[in-house]
Amino acid sequence: MAQKPSIPKGTRDFSPVEMKRRNYIFSVITKVFKRYGFEQIETPAMENLSTLMGKYGDEGDRLIFKILNSGDYLKKVNDKILQEKNSNQLTKYICEKALRYDLTVPFARYVVMHQNDITFPFKRFQIQPVWRADRPQKGRYREFYQCDADIIGSDSLLNEVDLIKIFDDVLTELKIPDYTIHINNRKILSGLAEVFDIADKIIDFTVAVDKLDKVGNEGVLKELAQKGFTEKQLDEIASFLQEEPGLAQLKNRLSTSETGLKGVEELEEVMNYVTQIGLKSAKLKFDVTLARGLNYYTGAIFEVKVKDFPSICGGGRYDDLTGVFGVKGLSGVGISFGADRIYDIMLATNAFPDFTQDQTEVMFVNFGKQETAYCLPVLFALREKGINAELYPDNVKMKKQMKFANEKGVKYVVMAGENEMKDDTLTVKNMHEGSQDTISKNEFLKMFN
RNA sequence: GUGGAUGUAGCUCAGCUGGUUAGAGCGCCGGAUUGUGGUUCCGGAGGUCGUCGGUUCGAGCCCGAUCUUCCACCCCA
C-alpha cells in the first residue's frame with residue numbers, strides 16, 4: 001500500500017537552489033571566522049542527556065529532543081515509576097541520549113574532555129544543526145543550523161570587539177539590510193537588581209524587561225507585579241523605565257553597585273574600541289533591556305536584529321560554563337549566527353548573488369554511439385580545464401535534450417552529428433543569445449582559456 | 001506546553017442554504033517542428049477533496065478526533 005511520505009514537523013528538505021544559497025552563507029561565515037583565527041570542530045549530533053539537562057533552564061529542558069533507548073527500554077524501569085505515569089521522571093530511565101540543543105554546551109563538554117590537548121585561549125568555530133522540540137512558526141524550525149564562534153580561556157574584552165567585527169564583516173558581505181547589533185552587559189542587569197533590592201528575582205526581572213519594546217512600560221510592570229514584586233520595587237523600576245537611561249545616567253543609578261559599575265566600564269571599553277575601528281554596515285546600540293534568556297551569560301550579551309524578523313544572531317560572555325563539568329575558572333565569550341533565519345531574510349530582500357558559475361556551462365547533445373565517441377575527448381578536455389560540462393546520457397529526442405539544457409541554465413549546447421564529424425567541427429549554440437556557430441574543436445576549447 | 005486559524009490537481013486558488021460525472025490559471029506530458037530550448041497554436045494526463053470516524057436517503061461543505069502549515073503566548077537562531 002503506497003502511503004504519502006512526509007517529514008517531521010519543523011524540518012525541511014533542501015533542493016539544489018537552496019543548497020547553493022545555504023552553502024554560500026556557510027562559506028562566507030567560515031571565511032570570516034578563519035580570518036579572525038578560529039579553527040573548526042564538530043561534535044556528535046547526540047549527547048548524553050545528562051550533559052544537556054539543566055543547562056538551559058526548565059523551559060530549555062522541555063525543548064530538548066530525547067532519544068529513546070534501544071532494546072527493551074522498559075525492562076529496567078521499576079514498576080512504581082511506570083505506575084505513576086510521570087513523563088519527566090520516566091525520561092531519565094528510558095532516555096540516556098538526546099539531540100544537541102545548541103553548540104555552546106557541547107563545546108563546553110568538548111573543552112573539558114580535551115583540556116589536555118588544547119592550548120588556551122582556544123578559538124573554535126562550529127557549524128552544525130541543532131534540534132529543538134519547539135512549536136514551529138515562520139523563521140522557527142525544529143532543526144536548524146547554528147554557526148558559532150567562541151573564545152574560551154581569555155578574559156580580554158578585545159574578544160568582544162573581534163566578535164562584534166565578525167558580525168559586521170559577515171552581515172555586510174551577505175548584504176543584510178538595516179540590522180542592529182544590540183549590546184548589553186549582564187553585570188549592569190545584576191547591578192540594577194542590587195539597587196532595586198531584587199537580587200533574588202533577577203531572572204524574573206530580566207525576562208520582563210526584555211519584552212519592553214513589545215509590551216511597553218505598563219506591560220513590564222504588570223508582569224513584575226504578577227511575579228510578586230513589592231510596590232516600592234515597582235515604583236523604582238517604573239521611574240527607571242521612564243528615563244530610558246544612557247550610560248551616563250546608569251553610572252549614577254548604579255553608583256552603589258560595584259558589579260553594575262564594572263558592567264558599564266566593560267561596555268564602554270568595548271564600545272570605544274569599536275568606535276575607533278569603525279563598522280562597515282552594522283549599527284551598534286546599547287540596550288539596557290536586552291537580557292537574553294540563557295542564564296549562563298555573565299558579561300557582555302549580544303543580539304542582532306532586523307526589523308520585522310526574529311533575531312538572527314546572539315551571543316555573550318559566560319564566566320563559568322565549564323564549571324558544571326568540573327573545570328573552573330575558564331571564561332569564554334561567543335556568538336552564534338542563525339543560518340536559516342539569515343537565509344529567510346536574504347531571500348525576502350533578494351540579497352543572494354547569481355550562482356550561474358555553479359551550473360553546467362556546456363552540454364553536449366547525445367546523437368548516438370559514434371557521435372558520443374567523437375564528443376567525449378572534448379568533454380573531458382573541458383572538465384580538465386575546470387569547466388562544468390556534461391553529455392546528455394541518453395540518445396533521446398533533441399527537443400527533450402534542449403529543454404533539459406535550457407531548464408538547467410546551461411550556457412552552451414554543443415551539437416555534433418554527421419556533418420560536424422565529417423568536417424571535424426562542432427556546432428555551438430549560445431543558449432542565452434540563441435545564436436549558433438560551427439567551429440573547430442580547437443577553436444571551441446580556446447573559448448575557455 | 002497553552003490559545004486561535006488553515007488544509008480541494010505538482011503550484012496558486014474557485015466550488016451556491018449539504019443534492020448527479022469537483023473546476024480555472026499556471027506547470028507537466030504529447031503533437032504542430034523525427035538536428036534546435038525559451039515565444040505561439042492544438043491536444044492530453046493528473047484529485048482517496050489532509051487522515052480516520054460520526055450525522056444524513058445523500059458530505060468537499062455539518063460534527064468529533066488526529067496530522068500539517070500558519071498566527072499569538074512561552075521561549076529562542
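The sequence lines fix the lettering, A, B, ..., with proteins before strands; numbering per chain opens at 1.
The separation of B/G50 from B/U33, taken at their P atoms, amounts to 44 Å, rounded to a whole angstrom. Nucleotides B/G7 and B/A65 are separated by 16 Å at their C1' atoms, to the nearest Å. Taking the C1' atom of each, B/A32 and B/G25 are spaced 24 Å apart, rounded to whole Å. For the C1' atoms, the distance linking B/G10 with B/C75 amounts to 36 Å, nearest Å. Across B/U48 and B/G60, the matching P atoms stand 13 Å from one another, rounded to whole Å. When the C1' atom is used for both B/G47 and B/C42, the distance is 25 Å, rounded to whole Å. For the C1' atoms, the distance from B/A59 to B/C16 is 15 Å, rounded to whole Å. Here the separation of B/A22 from B/U40, taken at their P atoms, is 31 Å to the nearest Å.
A/Phe65 does not carry A/Arg142 over the face of its six-membered ring by the limits of under 6.0 Å from the centre and within 45° of the normal. A cation-pi arrangement, defined by a distance under 6.0 Å to the six-membered ring centre and an angle within 45 degrees of its axis, is absent between A/Lys305 and A/Tyr179. Note that A/Lys385 lies outside the cation-pi zone of A/Phe448, set by a 6.0 Å cut-off to the ring centre and a 45° limit from the axis. A cation-pi geometry, defined here as NZ or CZ lying under 6.0 Å from the six-membered ring centre and within 45° of its normal, holds between A/Arg21 and A/Phe352.
Residue pairs that meet the salt bridge (Lys or Arg N to Asp or Glu O under 4.0 Å) test with at least one member in residues 28-45 of chain A, sequence neighbours left out, are A/Lys31-A/Glu173. Evaluation of the salt bridge (Lys or Arg N to Asp or Glu O under 4.0 Å) test over residues 338-351 of chain A, restricted to residues two or more places apart or in two chains, returns A/Arg12-A/Asp340, A/Arg22-A/Asp340.
In this structure, the side chain of A/Asp148 does not engage the main chain of A/Ile127 through any donor-acceptor pair within 3.5 Å.
Atom CE of A/Met113 is surrounded by 12 or fewer heavy atoms from other residues, nucleotides or ligands within 6.0 Å.
In summary, A/Asp178 and A/Lys283 engage in a salt bridge, as defined by a charged side-chain N under 4.0 Å from a carboxylate O. Using a 4.0 Å cut-off between charged nitrogen and carboxylate oxygen, A/Lys165 and A/Asp162 do not count as a salt-bridge pair. Electrostatic pairing of A/Arg109 and A/Glu47 counts as a salt bridge here, judged by a charged N lying under 4.0 Å from a carboxylate O.
Note: CD (A/Glu223) to P (B/C73) measures 12 Å, nearest angstrom.
Heavy atoms of A/Gly417 sit under 4.0 angstrom from at least one base atom. The residue A/Glu420 sits close to a base: some heavy atom pair falls under 4.0 Å. Here A/Lys429 lies in heavy-atom contact (under 4.0 Å) with a base.
Shown for residues 394-404 of chain A: residues whose heavy atoms fall under 4.0 angstrom of RNA chain B, namely A/Lys397, A/Met398, A/Lys399, A/Met402, A/Lys403.
Checked against B/A77, B/C75, B/U36, the side chain of A/Arg132 finds its nearest nucleotide in B/A77. The A/Met415 side chain lies nearest to B/U36 when the options are B/U36, B/C76, B/C75. You'll find that the side chain of A/Lys138 is closest to B/C71, out of B/G35, B/C71, B/G37.
At the phosphate of B/U36, neither OP1 nor OP2 sits under 4.0 Å from any side-chain N or O atom of A/Gln436. The side chain of A/Lys211 places no N or O atom within less than 4.0 Å of a non-bridging phosphate oxygen (OP1 or OP2) of B/C73.
With pairs defined as Watson-Crick or G-U wobble and both atom distances under 3.5 Å, the stems of at least three pairs that touch RNA chain B come out as B:1-5 with B:69-73, B:10-13 with B:23-26, B:28-32 with B:40-44, B:50-54 with B:62-66.
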Under 3.5 Å, which donor-acceptor pairs do the side chains of residues 415-426 of chain A form with other protein atoms, sequence neighbours left out?
{"residue": "A/Glu420", "atom": "OE1", "partner": "A/Gly417", "partner atom": "N", "Å": "3.0"}
{"residue": "A/Glu420", "atom": "OE2", "partner": "A/Thr427", "partner atom": "OG1", "Å": "2.5"}

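Mapping A/Glu418 and A/Pro310 onto RNA chain B by nearest heavy atom places A/Glu418 at the nucleotide closer to the 5' end.
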I'd like a table of atom pairs between the protein and nucleotides 1-4 of chain B - only N or O on both sides, under 3.5 Å - with the distance next to each one.
{"residue": "B/G1", "atom": "N7", "partner": "A/Arg62", "partner atom": "NH2", "Å": "3.4"}
{"residue": "B/U2", "atom": "O4", "partner": "A/Arg135", "partner atom": "NE", "Å": "3.3"}
{"residue": "B/U2", "atom": "O4", "partner": "A/Arg135", "partner atom": "NH1", "Å": "3.0"}
{"residue": "B/G3", "atom": "O6", "partner": "A/Arg135", "partner atom": "NH1", "Å": "3.1"}

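Counting distance only, with no hydrogens placed and no angle test, the side-chain atoms of A/Asn406 and the base atoms of B/G37 include a donor-acceptor pair under 3.5 Å. You won't find any donor-acceptor pair under 3.5 Å spanning the side chain of A/Glu433 and the base of B/G38, going by distance alone.
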Report the C-alpha distance between A/Lys285 and A/Ile181 in whole Å, list the side-chain angles of each, state the deciding distance to 0.1 Å, and finish with yes or no for side chain to side chain contact (heavy atoms under 4.5 Å, CB included).
-> CA-CA 6 Å; A/Lys285 189 183 167 214; A/Ile181 304 171; over 6 Å; no
